[in-house]
S.K.: 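A single structure is presented below for examination.
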Amino acid sequence: MRLRFAPSPTGALHVGGARTALYNWLLARHDGGTLVLRIEDTDRERSTPENVEQILDALRWLQIDYDEGPISQVARSERHKQVLAQLLDGGHAYHSTATKAEVDAFKAEHGSKQGFRGEAEPSGAIRLRVPDDGETVVHDLIRGDTTFAHVHLDDPVIARADGSVLYNFAVAVDDLDAGITHVVRGEDHLSNTPKQLLVLEALGAQPPVYAHLPLLHGSDGRKLSKRHGAASVQELRDEGYLPEALRNYMALLGWGSQDDETIISTDELVQQFSIERVSKNPAQFDHQKLRWLNGRYVRALPVDELTQRLEAFTGRGGLRAAVEISREKMQTLADFWPLAGFIFDGPADDPAAREKWLDEAGRVTLRAVRDALAPLAQFTQSAVQAALEGVVAALGVKPKQVFQPIRVALAGRAVSPGIFETLAVLGRDESLARIDRALRS
RNA sequence: GCCGCUAUCGUCUAGGGGACUAGGACGCCGCCCUCUCACGGCGGAAACCGGGGUUCGAAUCCCCGUAGCGGUACCA
């Protein structure tokens, strides 16, 4: 199998494109095949080096690698010109100066169901000659056969008047030259496929096998865009998602394993993935489910590994102890600092929490807590726990009445990692200092 | 407008003629666990787009309708 991922560098890589890349990668790795990366940069207006770099960066982060490329499509313009000449010589294509208005006029005259047919002219853009009769059938691994009657097709422009080639032509030639056996791409290309097939047929070439993936939609059922929150791979990375979790989630968007499992490692995906099981209907991208799935992956990570990732994510060091006590409460890497940042930056400022838990009764309790903690020989989690449970028993109050004031004194908020763990991580001096500060304020 | 694709809980899906009183997961609701928040456990509400066929029998096959989406560029 020779597959390809062929993004157009007109913006950041979005999850839709990332999923297409993933599916191609999964198929290539499953089969021991080859994945070719091609950059479809024939739109010179919108294609930029920055966008190319963004795509490469996104693929690197996702750990989706490729075996050949990246190949720039414009770099192949000599070959494209050569094939263009071949089609012109063979009478399969012709120059035409017909404008959009003229095409519309043609249809008005011949009926809206009649595709445009032009006359050969000495100059102008180049159109592919579509046969008047007959049909082109797209054989699709996911959708079965789709028939396109030639009479409905316009003679497509395959090269601009300046000689530069257009997508439907370049794709067909490049896939052919790269020896691509399977074209796996979004369903938005299904209607383009007969044009590409016609180019290949004019060249007398054998077409690849096609598989058109269902499109990805946002939460409102419409095309995924900025409106739906993070839509690019970079944004997802910045929101603290793990690449392995994102791969798992994207795989599930349009595909289900036989036993309908939800958590599937990348290795298992490589083993199980098959194009035949890809569904035909569009899927909506659901941040909620991704968050949940990411939480599962976060919790499955060894503490050292998670610490390393969080240190890279936050740009801070010495996080291990804080990570250990807060990992159960995180769903994304971005959740860490709001939850545990107080350990390093000092207590947060939450007036509502102070008012509720550091009232007169809270302060009385906090003093008792201080007296119980100060003389501890070992300031370990278990020693702290024993001491505090002693305070609870001695005061005869609910545990919460003792723990919440401590929590607010240490963290400045009513939410934090477990209180025994937090005290142990902060250590005696810092803990007592924070308690004293709370009592003074 | 024309061409085409699609149609199972709110969402992602399992299902490929009888095993379906339609299963799982996210989310939601309730209970349990509990020092907060989470995690975890248990339970619950929630779907076969509509209409015709085919068949002894249809979520599954066919047709029509409807809806959504895609294409219809000298964009990709």
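In what follows, every chain begins at residue 1, and chains take the letters A, B, ... in the order their sequences are listed.
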S.K.: Among the candidates B:C5, B:C35, B:A14, find the nucleotide nearest to the side-chain atoms of A:L190.
M.R.: B:C5
S.K.: Which nucleotide in the set B:C2, B:C39, B:A76 lies at the smallest distance from any side-chain heavy atom of A:S112?
M.R.: B:C2
S.K.: Check the interface with nucleotides 46-49 of chain B: list each N/O to N/O pair with the protein under 3.5 Å, or write none.
M.R.:
none

S.K.: Shorter than 3.5 Å, N or O on both sides, protein versus nucleotides 26-32 of chain B: list them out with atom names.
M.R.:
unit_1: B:C26; atom_1: O2'; unit_2: A:K289; atom_2: N; d: 3.3

S.K.: Can you tell which of B:C3, B:G70, B:A7 lies closest to the side chain of A:N281?
M.R.: B:A7
S.K.: Can you sort out the partners of A:R437 under side-chain hydrogen bond (donor to acceptor under 3.5 Å, both in side chains), two or more places apart, ordered by chain and number?
M.R.: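 Residues passing side-chain hydrogen bond (donor to acceptor under 3.5 Å, both in side chains) with A:R437: none at all.
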S.K.: Counting heavy atoms from C-beta on, name the nucleotide in B:A76, B:G4, B:C74 closest to the side chain of A:A125.
M.R.: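 The answer is B:C74.
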S.K.: Using a 4.0 Å heavy-atom cut-off, does A:A283 contact any base of the nucleic acid, only the sugar-phosphate backbone, or nothing at all?
M.R.: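 It contacts sugar-phosphate atoms only.
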S.K.: Please state whether the phosphate of B:C5, meaning OP1 or OP2, lies under 4.0 angstrom from any side-chain nitrogen or oxygen of A:S191.
M.R.: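 Checking B:C5 against A:S191, no side-chain N or O comes under 4.0 Å of OP1 or OP2.
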S.K.: Atom CG of A:D104 and atom P of B:A73: how far apart are they, to the nearest Å?
M.R.: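 Distance, rounded to whole Å: 8 Å.
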S.K.: Output yes when at least one side-chain N/O atom of A:R19 is less than 4.0 Å from OP1 or OP2 of B:C12, else no.
M.R.: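 Indeed not, no polar side-chain atom of A:R19 lies that close.
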S.K.: If the cut-off is 4.0 Å, is A:R299 near the phosphate of B:G40, judged by side-chain N/O to OP1 or OP2?
M.R.: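 Indeed, a polar side-chain atom of A:R299 lies that close.
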S.K.: Heavy atoms from C-beta onward define the side chain here; which of B:G4, B:C69, B:A76 lies closest to that of A:R46?
M.R.: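 Selected nucleotide: B:A76.
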S.K.: What residues, two or more places apart in sequence or in another chain, satisfy side-chain hydrogen bond (donor to acceptor under 3.5 Å, both in side chains) together with A:R434?
M.R.: A:E430
S.K.: By the 4.0 Å heavy-atom rule, please label A:F420 as base, sugar-phosphate, or nothing.
M.R.: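 Touches a base.
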S.K.: If we take the P atom in both B:U21 and B:A59, what is their distance in whole Å?
M.R.: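 B:U21 and B:A59 have their P atoms separated by 9 Å.
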S.K.: With A:H189, which residues qualify under ring pair (Phe, Tyr, Trp, His ring centres under 6.0 Å), at least two apart?
M.R.: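 Partners of A:H189 by the ring pair (Phe, Tyr, Trp, His ring centres under 6.0 Å) criterion, ordered by chain and then number, come out as A:Y167.
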S.K.: Please check if the distance between the ring centroids of A:F420 and A:F403 is under 6.0 Å.
M.R.: yes
S.K.: Counting only side-chain N and O atoms of A:S279, is one of them less than 4.0 Å from OP1 or OP2 of B:U13?
M.R.: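 Looking at the OP1 and OP2 atoms of B:U13, one of them is under 4.0 Å from a side-chain N or O of A:S279.
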S.K.: Distance between the P atoms of B:C39 and B:G23, in whole angstroms?
M.R.: 25 Å
S.K.: May I have all residue pairs that pass side chain to side chain donor-acceptor pair (under 3.5 Å) and include part of residues 407-428 of chain A, sequence neighbours excluded?
M.R.: A:Q404-A:R407, A:R407-A:S416
S.K.: Scan A:K100 against the nucleic acid and name what it touches under 4.0 Å (heavy atoms): base, sugar-phosphate only, or nothing.
M.R.: sugar-phosphate
S.K.: Indicate every side-chain donor-acceptor pair of residues 381-393 of chain A with a distance under 3.5 Å to a residue at least two apart or in another chain.
M.R.:
unit_1: A:S382; atom_1: OG; unit_2: A:T380; atom_2: OG1; d: 3.4
unit_1: A:Q385; atom_1: NE2; unit_2: A:E389; atom_2: OE2; d: 3.1

S.K.: Report which part of the nucleic acid A:T42 touches: base, sugar-phosphate, or nothing (heavy-atom distance under 4.0 Å, all strands).
M.R.: sugar-phosphate
S.K.: Is there a donor on the side chain of A:R143 or the base of B:C5 sitting less than 3.5 Å from an acceptor on the other?
M.R.: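 No such pair is found, so the answer is no.
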S.K.: Toward the 5' end of RNA chain B, which comes first, A:N168 or A:I419, by nearest nucleotide?
M.R.: A:I419
S.K.: Considering only B:U72, B:G71, B:A14, which nucleotide approaches the side chain of A:K107 most closely?
M.R.: B:U72
S.K.: Hey, does A:G418 reach any base, or is it just sugar-phosphate, or nothing, if we go heavy atoms under 4.0 Å?
M.R.: base
S.K.: Establish whether the base of B:C2 is bridged to the side chain of A:K113 by a donor-acceptor pair shorter than 3.5 Å.
M.R.: no
S.K.: With distance as the sole criterion, do the side chain of A:N192 and the base of B:A76 form a donor-acceptor contact below 3.5 Å?
M.R.: yes
S.K.: Determine all donor-acceptor pairs shorter than 3.5 Å in which one atom belongs to a side chain in residues 350-358 of chain A; sequence neighbours excluded.
M.R.:
unit_1: A:D350; atom_1: OD1; unit_2: A:A352; atom_2: N; d: 3.1
unit_1: A:D350; atom_1: OD1; unit_2: A:A353; atom_2: N; d: 3.3
unit_1: A:R354; atom_1: NH1; unit_2: A:D349; atom_2: OD1; d: 2.6

S.K.: What nucleotide among B:C12, B:A76, B:G70 has an atom nearest to a side-chain atom of A:H189?
M.R.: B:A76
S.K.: Could you tell me whether A:D259 contacts a base, only the sugar-phosphate backbone, or nothing, with contacts defined as non-hydrogen atoms closer than 4.0 Å?
M.R.: nothing
S.K.: Whether A:R277 engages the ring of A:F273 as a cation-pi pair (distance to the six-membered ring centre under 6.0 angstrom, angle to the ring normal within 45°) should be assessed.
M.R.: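 No cation-pi geometry.
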S.K.: Would you confirm whether the ring centroid of A:Y249 sits within less than 6.0 angstrom of the ring centroid of A:F285?
M.R.: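 Judged by ring-centre distance (under 6.0 Å), A:F285 and A:Y249 do meet the cut-off.
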S.K.: Relative to the 5' end of RNA chain B, which residue comes earlier, A:E187 or A:Y249, by the nucleotide with the nearest heavy atom?
M.R.: A:E187
S.K.: Can you run down the side chain to side chain donor-acceptor pair (under 3.5 Å) pairs that involve residues 114-123 of chain A, sequence neighbours left out, and say none if there aren't any?
M.R.: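 Passing the test, one end in residues 114-123 of chain A: A:T97-A:E121, A:R117-A:D132, A:R117-A:D155.
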S.K.: Do A:Q73 and A:S8 make a side-chain contact, defined as non-hydrogen atoms from C-beta onward lying under 4.5 Å apart?
M.R.: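 They are not in side-chain contact.
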S.K.: Under 6.0 Å between the ring centres of A:H152 and A:F148?
M.R.: no
S.K.: Examine B:C39: is either OP1 or OP2 under 4.0 Å from a nitrogen or oxygen in the side chain of A:R327? Give yes or no.
M.R.: no
S.K.: Have a look at A:S416 and say if it touches a base, only the backbone sugar-phosphate, or nothing, with a 4.0 Å heavy-atom cut-off.
M.R.: base
S.K.: Just call it for A:H212: base, sugar-phosphate, or nothing, with non-hydrogen atoms closer than 4.0 Å on any strand.
M.R.: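 Nothing: the residue A:H212, judged by heavy atoms under 4.0 Å, touches no strand.
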